[in-house]
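When a ligand or atom number is given, it counts from 1 through the structure's own listing order.
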Amino acid sequence: MKKLIIGNWKMYPASIKDAKAKFSGIKKVASGLRNVQTVICPPSVYVGDLKKIISGHRCVLGAQNIWIENEGAYTGEVSPAMLSSLGVHYVIVGHSERRAMGETDELISKKVVAGIKAGLTVVLCVGEKERDLDGEYLKLIAEQLTIALRGVSKKDLKQIVVAYEPVWAIGKYALRAATAEDALEASISIKKTLAGLYATAATEVPILYGGSVDAKNAEEFVTKSRVDGLLVGRTSLDVVAFTEILKKIGNLK
Ligand code: PEP
């Protein structure tokens with residue numbers, strides 16, 4: 001299976017000129033990698049312009065958030081249908097930075113359904129804020145998944161990707177990067193939860209790791225944690241480092 005490498009640009013960069021330059025640099029490398037599916041999630045306002053410079057299917061666009069309806073009086077929101085009509089293929093839902101702004105598991109569950117209905121592949125983010133010695137964090141992740149996937153049937157699973165993103169390992173204030181063992185434990189636990197919800201159909205759901213991934217640790221996460229890909233924040237804005245990740249993963253046997 002192709003490895004899935006997703007870049008979450010968050011609210012960067014500050015100009016479309018810069019966004020185009022970064023996207024072009026990434027696309028150039030990504031287009032040559034047969035074993036990697038690259039997805040860039042820029043701020044939504046840039047999607048229309050970046051879509052014009054896409055060529056082929058190896059480097060496509062995703063969004064960082066959606067609303068639960070396709071149209072309506074929801075000032076400031078962007079709908080799944082709008083993004084889909086612009087040629088967006090993926091959407092991140094339930095990112096910890098959105099949860100910190102007040103998104104609940106219930107709202108996330110509605111966003112998951114809305115994304116699927118619009119034909120998008122939903123990258124559902126789950127992860128604990130902190131770890132404890134009793135493994136309660138694994139229960140919390142199972143609960144996040146169970147609620148978020150409430151409206152998702154077996155046949156919709158092909159539009160679901162789960163990203164394990166421990167909150168303590170995300171962003172520039174991260175406590176530390178997770179270890180490959182941390183990520184392996186969580187990915188096994190996520191697989192068990194999915195199997196409990198969907199039986200064997202669950203095996204087709206790709207699981208990603210995200211949190212302080214860089215060019216040095218990327219390969220280890222994929223080989224040792226046996227995840228199907230990576231969700232990369234800060235480093236996805238650094239064209240040299242991000243394309244290094246793409247090449248390393250693309251060259252794995
Ligand atoms: C993210 O925003 O999803 C993320 C993983 O961020 P970072 O790689 O910067 O920790």
Asks: Please state which protein non-hydrogen atom is closest to atom 6 (O) of ligand 1 and give its distance, to 0.1 Å?
Replies: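 Going atom by atom, the protein heavy atom closest to atom 6 (O) of ligand 1 ends up being Lys10 NZ, 3.3 Å.
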Asks: Distance under 4.0 Å to a non-hydrogen atom of Arg234: what atoms of ligand 1 satisfy this?
Replies: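 Every atom of ligand 1 under 4.0 Å from some heavy atom of Arg234: 7 (P), 8 (O), 9 (O), 10 (O).
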Asks: Classify the ring geometry between His57 and His89 as parallel (under 30°), tilted (30 to 60°) or perpendicular (over 60°).
Replies: perpendicular
Asks: Only heavy atoms of Gly211, strictly under 4.0 Å: list the atoms of ligand 1 that pass.
Replies: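 Listed by number with element, the hits are 5 (C), 10 (O).
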Asks: Is a side-chain donor-acceptor pair under 3.5 Å present for Trp9 with Gln64?
Replies: no
Asks: According to the interplanar angle, ranging from 0 to 90°, do the rings of Trp67 and Tyr74 count as parallel (below 30°), tilted (30 to 60°) or perpendicular (above 60°)?
Replies: tilted
Asks: When you check the gap from the basic side-chain N to the acidic O, do Glu165 and Arg99 get nearer than 4.0 Å?
Replies: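 Looking at Arg99 together with Glu165, the answer is no, because their closest N to O distance does not fall below 4.0 Å.
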Asks: Should you measure from each heavy atom of Asn8, which atoms of ligand 1 turn up under 4.0 Å away?
Replies: 1 (C), 2 (O), 3 (O)
Asks: Can you tell me the protein heavy atom closest to atom 8 (O) of ligand 1 and the distance?
Replies: Gly233 N, 2.9 Å
Asks: If you define the side chain from C-beta out and look only at heavy atoms, does anything of His95 sit under 4.5 Å from Asn65?
Replies: no
Asks: Compare every heavy atom of Leu140 with every heavy atom of Glu128, then report the nearest pair and how far apart it is.
Replies: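 Closest heavy-atom pair between Glu128 and Leu140: CA-CD2, 3.8 Å.
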Asks: Show me which atoms of ligand 1 lie under 4.0 Å from any heavy atom of Gly171.
Replies: 7 (P), 9 (O), 10 (O)
Asks: For ligand 1, which atoms, with element, lie under 4.0 Å from some heavy atom of Glu165?
Replies: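 Listed by number with element: 1 (C), 3 (O), 4 (C), 5 (C).
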Asks: Please report which non-hydrogen protein atom sits nearest to atom 1 (C) of ligand 1, along with the residue it belongs to and the distance in Å to one decimal place.
Replies: His95 NE2, 3.2 Å
